[in-house]
Amino acid sequence: VGDRRGEHEEVADFLEAAYKRVRELNDDLAARIVELGGIPPNTPATIQERAEVHLEAEDLYDLRASLDGDLEGYGTLIVSMREHIALAEGLADSGTAELLRGGLEDLEADADEIERFLEDETLGRSEELKGR
Amino acid sequence: MTSTPHLRQVDDAHVRQEWDTVGENALRLEPKVATQLVEALNSEVSGLYILFNQVRKHYWLVEGAESEAVGEFLEAAADRLSEMTDDIAIRVHALGGVPACGPMGIRQHAPLYMEAEHRYDVRSSLERDLDGYATLAAQWREHVELAGQLGDVTTGKLLRRHLKTLEADADVLARYLADDTLHSQSRSSP
C-alpha cells in the first residue's frame with residue numbers, strides 16, 4: 001500500500017506541475033495573439049472549434065487510460081507546434097517561432113515523462129487492485 | 001447519446017466512476033450527506049472555473065501603461081482562483097464525487113453566466129469580474145452554513161478560508177472601479 005501511495009503521489013505531483021506548464025505556455029501564446037492583433041479563443045465553443053486535442057468526458061477513468069489520453073494530447077500538440085514553427089519561420093515571424101520552440105521543448109519533456117510512467121508495469125497492476 | 005466529436009473516445013471498461021454519481025467515502029460521512037456536499041462543492045468548482053477563465057481572459061486582453069497594475073493583479077487573482085479550484089476538487093473526490101471538469105458538467109452546475117468570446121472595454125470587464133466574485137461569495141456563505149448543518153467541519157473550514165481570499169480580491173476590483181482614471185480611459189476607447 002505504501003508503494004502504491006508513493007507512486008500515486010509522484011504521478012499527481014508531476015501532473016500538477018505539468019498542467020501549470022501548459023497553462024503558462026497558453027498564457028504566453030495568448031499574449032502573442034494579442035500582440036498580433038487577435039483575440040485568443042476563450043470560451044468552450046471557440047476552443048472546441050479550433051482545438052485538435054480531444055477533450056476527455058466528465059467521468060473518472062483509471063489512471064492508465066487517463067495518462068494515455070494525456071500523452072495523446074501532448075503528441076497532437078507537439079506535431080501541430082512543429083508545423084507552426086515552420087510556418088512562423090516561413091513568414092519571417094521569428095518572435096512567434098522562438099516562443100513555439102521554447103514551448104515545444106517543454107511539451108516534449110513532459111510527454112517523455114508520461115511515457116515513462118506508462119512503461120511502468122506497477123501502474124497497471126495497482127490500478128487493477130484499486131478497480132475492485 | 002448526443003454527438004460529441006470533440007471528445008476523446010475511451011473504452012467504457014476504463015471508467016472507474018461515472019460523472020454525477022457519488023460513491024463511498026472514507027470520511028464516515030453518510031452517503032446522503034456526502035451527496036449533498038458534492039453537489040454544493042461542484043457548483044463551487046464550476047463557478048470557479050468560469051470566473052478563472054474570465055479573469056484570465058481579462059488579464060490577456062487588458063492593455064495600456066495604466067493597466068499594467070490591473071493586468072498583474074488579474075494574473076495573480078486567476079492563480080488564486082485556480083488554487084481554490086484544486087483544493088475544492090480534491091475535497092469533492094474525498095467525499096466520493098467526481099469534480100466538475102468539462103464544459104458539460106460546468107454548465108450543469110455553474111452559478112455564473114459565461115462572458116461571450118469578444119473583447120470588451122476594461123471597465124465593464126472588471127465589473128463582470130466583480131459581479132462573479134460577489135455571486136460566488138454569496139453562494140459560499142450559504143454552503144459554509146450547509147456544511148455546518150451537515151456536520152462536515154473540514155469542508156466548512158476550507159470554504160471559509162477561501163471565502164476570505166474571494167472577498168479580498170473583490171475588494172481590490174471594487175477599488176479599481178472606484179478609480180476615475182479607469183473610467184475616463186475606458187470611455188475614450190471605442
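The analysis underlying the following values was restricted to heavy atoms, covering all of them including side chains, and did not include hydrogens, waters or symmetry mates. Quick caveat, the model's predicted, so the values are computed rather than measured. Below, chains carry the letters A, B, ... as their sequence lines are ordered, and counting in each starts from 1.
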- Message: Checking an interface table here. Which of residues 47-57 of chain A come within a heavy-atom distance under 4.5 Å of chain B?
- Response: A/Gln48, A/His54, A/Leu55, A/Glu56, A/Ala57
- Task: Give me the contact list for residues 27-34 of chain A versus chain B, heavy atoms only, anything under 4.5 Å, ordered by residue number.
- Result: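 Answer by number: A/Asp27, A/Ala30, A/Val34.
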According to a 4.5 Å side-chain heavy-atom criterion applied to Ile, Leu, Val, Met, Phe, Trp and Tyr, with indirect links allowed, do [X] and [Y] form part of one hydrophobic cluster?
| X | Y | answer |
| --- | --- | --- |
| B/Leu95 | A/Leu60 | no |
| B/Val98 | B/Val22 | no |
| B/Leu136 | B/Tyr59 | yes |
| B/Tyr120 | B/Leu74 | no |
| B/Val70 | B/Trp60 | yes |

- With a 4.5 Å heavy-atom cut-off, do B/Arg56 and A/Arg23 have their side chains touching? yes
- How about A/Ser66 and B/Val10: do any of their side-chain heavy atoms sit closer than 4.5 Å? no
Take a 6.0 Å sphere around [atom1] of [X] and say whether it holds more than 12 heavy atoms from other residues, nucleotides or ligands.
| X | atom1 | result |
| --- | --- | --- |
| B/His109 | NE2 | yes |
| B/Gln139 | CD | yes |
| A/Glu105 | CD | no |
| B/Glu30 | CD | no |
| B/Tyr113 | OH | no |

- Item | A/Asn42: which of B/His118, B/Gln54, B/Lys57 passes side-chain contact (heavy atoms from CB on, under 4.5 Å) | B/Lys57
- Locate the shortest heavy-atom distance separating B/Cys101 from A/Glu58; write the atom from each residue and the value.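 Scanning both residues, the minimum pair turns out to be SG-O, 3.6 Å.
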- Item | Closest heavy-atom pair and its distance - B/Arg119, A/Ile39 | CB-CD1, 3.7 Å
Using non-hydrogen atoms only, which part of [X] is less than 4.5 Å away from chain A: side chain, backbone, both, or neither?
| X | answer |
| --- | --- |
| B/Met104 | both |
| B/Asp86 | side chain |
| B/Ala100 | neither |
| B/Val15 | both |

- Message: Closer than 4.0 angstrom, basic N to acidic O: yes or no for B/Arg8 and A/Asp68?
- Response: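 Here B/Arg8 does not pair with A/Asp68 in a salt bridge, since their nearest N and O are not under 4.0 Å apart.
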